[in-house]
Amino acid sequence: MSGGSQRLESGSYVDISGVATVLGLAARKDLSAAALTGGVFFEYGTSRFSTHNSFDTGDVDGKGHASYTDGGLLARIDITESLLKGLYLEGVFRFGGMTSDWHSDDLRDATTGRCASYDLYSPYTGAHLGLGYIWQATDTFTVDFYGKWLWTRVYGDDVRVIDHPYEFADVDSYRLRFGARADWNITEQFGLYAGAAWEHEFDGKAQATAYGLDTPAPTVKGDTGVFDFGFSLKPSAVPGLTMELGATATAGVRHGIMGNMTVKYEF
């Protein structure tokens with residue numbers, strides 16, 4: 001589970017606060033020189049957001065809500081023997097749907113006084129591929145170096161805003177992330193972790209048309225720094241249980257802070 005707030009810079013900007021949860025089950029099979037992991041997961045998230053745009057005629061602010069639900073599959077192979085020991089390859093695929101609504105008191109029909117608003121339902125798909133290497137520096141200190149290619153497509157929808165038809169196009173997000181995370185087991189029950197990554201968004205443009213004419217298209221294309229830190233607990237009274245508490249800070253096109261909590265039980 002994670003929760004917090006962030007700002008997306010898109011020419012204008014959007015402030016978002018919300019929570020997200022993931023629940024999953026995975027199994028690992030040890031082979032002679034590698035280990036295979038496969039699993040399924042379910043995700044749900046909800047948020048509130050506010051939008052801000054500046055024009056020559058003045059500012060236009062809006063507010064809305066969004067929520068999403070999806071399920072997915074994951075797979076991973078870890079090399080456990082040979083000169084490539086520590087290398088791993090992972091992949092994830094997800095499919096779900098997102099609902100959102102938005103309204104602005106700054107945009108009103110001159111005749112009826114109705115404010116601009118819309119409701120959207122957007123299916124989406126996503127996937128990522130990752131390649132990494134876990135360096136076992138000492139018995140208690142490891143560093144995970146990784147690179148990930150992430151893709152998400154949010155499908156468009158047609159709505160009416162004060163009786164005017166708007167067609168929202170599909171939105172594709174392509175991101176590349178390189179980073180590292182260090183884990184230090186201070187004792188058998190307590191550990192610390194810290195990580196840093198660089199992420200580049202290649203696209204992320206949201207396009208729409210009204211009466212066949214293009215509207216201004218915001219985009220979150222650009223760079224973001226991601227920084228993680230926290231601690232882990234392994235209660236001796238419950239073997240196999242691991243809990244992590246931490247925070248993730250971002251700076252750049254996306255900037256904000258999130259709190260994270262992870263509970264894992266292995267058997």
Side-chain angles (χ1 to χ4, degrees), residues 1-22 43-70 96-108 114-122 124 126 150 152-157 159 161-162 166 168-175 177 196-208 215-230 245-261:
M1 177 179 290
S2 62
S5 62
Q6 64 177 338
R7 173 170 290 187
L8 303 182
E9 299 289 351
S10 57
S12 54
Y13 64 82
V14 182
D15 291 322
I16 304 171
S17 60
V19 296
T21 59
V22 182
E43 294 182 302
Y44 172 77
T46 183
S47 66
R48 296 175 179 268
F49 63 88
S50 60
T51 62
H52 179 82
N53 293 269
S54 295
F55 302 97
D56 293 338
T57 54
D59 296 337
V60 175
D61 296 329
K63 294 183 178 181
H65 303 81
S67 63
Y68 67 90
T69 305
D70 71 50
M98 179 180 67
T99 59
S100 61
D101 62 74
W102 176 86
H103 72 277
S104 173
D105 293 330
D106 295 332
L107 291 176
R108 291 183 177 272
R114 288 186 300 163
C115 69
S117 65
Y118 61 74
D119 294 280
L120 287 173
Y121 174 73
S122 304
Y124 65 86
L150 305 99
T152 304
R153 167 170 289 180
V154 180
Y155 295 91
D157 195 7
V159 300
V161 181
I162 318 180
Y166 279 78
F168 287 88
D170 299 346
V171 179
D172 284 291
S173 170
Y174 301 98
R175 291 176 290 154
R177 179 185 293 183
W198 165 79
E199 182 178 287
H200 181 75
E201 170 68 67
F202 289 89
D203 196 356
K205 180 179 290 186
Q207 297 176 304
T215 65
T219 179
V220 291
K221 180 179 179 180
D223 299 313
T224 298
V226 183
F227 308 94
D228 299 299
F229 50 91
L245 291 174
T248 299
T250 55
V253 174
R254 296 187 293 113
H255 52 93
I257 189 164
M258 303 284 287
N260 310 300
M261 179 181 70

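Every value quoted in this text rests on a predicted model; they were computed, and no experiment measured them.
Met98 has its side chain within reach of Val154: a pair of non-hydrogen atoms, C-beta onward, lies under 4.5 Å apart. Looking only at side-chain heavy atoms (C-beta outward), Asp59 and Asp106 stay at 4.5 Å or farther from each other.
Across Ala66 and Ser100, no two heavy atoms sit closer than the pair CB-CB, 4.0 Å. Taking every heavy atom of both residues into account, Met258 and Ser2 meet most closely at CE-OG, 4.0 Å. Shortest non-hydrogen contact noted between Asp172 and Arg153 is OD1-NE, 2.8 Å. Ile162 and Leu107 make their closest contact through CD1-O, 4.4 Å (heavy atoms, listed as atom of the first residue, atom of the second, distance). When every heavy atom of Ala20 is checked against every heavy atom of Tyr68, the shortest pair comes out as CB-OH, 3.3 Å. Between Glu9 and Gly252, the shortest heavy-atom distance links the atoms CG-O, 4.3 Å.
In Arg114, the CZ atom is crowded: over 12 heavy atoms of neighbouring residues, nucleotides or ligands sit closer than 6.0 Å.
Atoms CG and CG, from Asp119 and Asp101 in turn, are 5.5 Å apart once rounded to the nearest 0.5 Å. Remark: Tyr174 OH to Thr152 OG1 distance equals 10.0 Å, nearest 0.5 Å. Residue Ser5 holds its OG atom at 10.5 Å from NE2 of His255, rounded to the nearest 0.5 Å. The CZ atom of Phe202 lies 11.0 Å from the CG atom of Leu150; values are rounded to the nearest 0.5 Å. To the nearest 0.5 Å, atoms CD1 (Ile16) and CZ (Phe49) are separated by 8.0 Å.
Without hydrogens or angle criteria, Thr51 side chain to Asp61 main chain gives no donor-acceptor distance under 3.5 Å. Thr250 places no side-chain N or O within donor-acceptor distance of the main-chain N or O of Gly225, the cut-off being under 3.5 Å. Side chain of Thr21 to main chain of Tyr44: a donor-acceptor pair is present (N/O by atom type, distance under 3.5 Å, no hydrogens or angles). A donor-acceptor contact shorter than 3.5 Å links the side chain of Asp170 to the backbone of Gly156.
Screening Arg7, Lys63, Arg48 against Asp15 for a salt bridge (Lys or Arg N to Asp or Glu O under 4.0 Å) leaves a single residue, Arg7.
Between His200 and Trp198, the angle of the ring planes stays under 30°, which puts this pair in the parallel group of the 30/60° scheme. Using a 30° and 60° split on the angle between ring planes, His52 and Tyr13 fall in the parallel class, below 30°.
For residues 250-260, the salt bridge (charged side-chain N to carboxylate O under 4.0 Å, His left out) pairs, not counting sequence neighbours, are Glu199-Arg254.
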task: Go through the steps to decide whether Thr224 and Glu201 satisfy the test side chain to side chain contact (heavy atoms under 4.5 Å, CB included), and finish with yes or no.
output: CA-CA 8 Å; Thr224 298; Glu201 170 68 67; over 6 Å; no
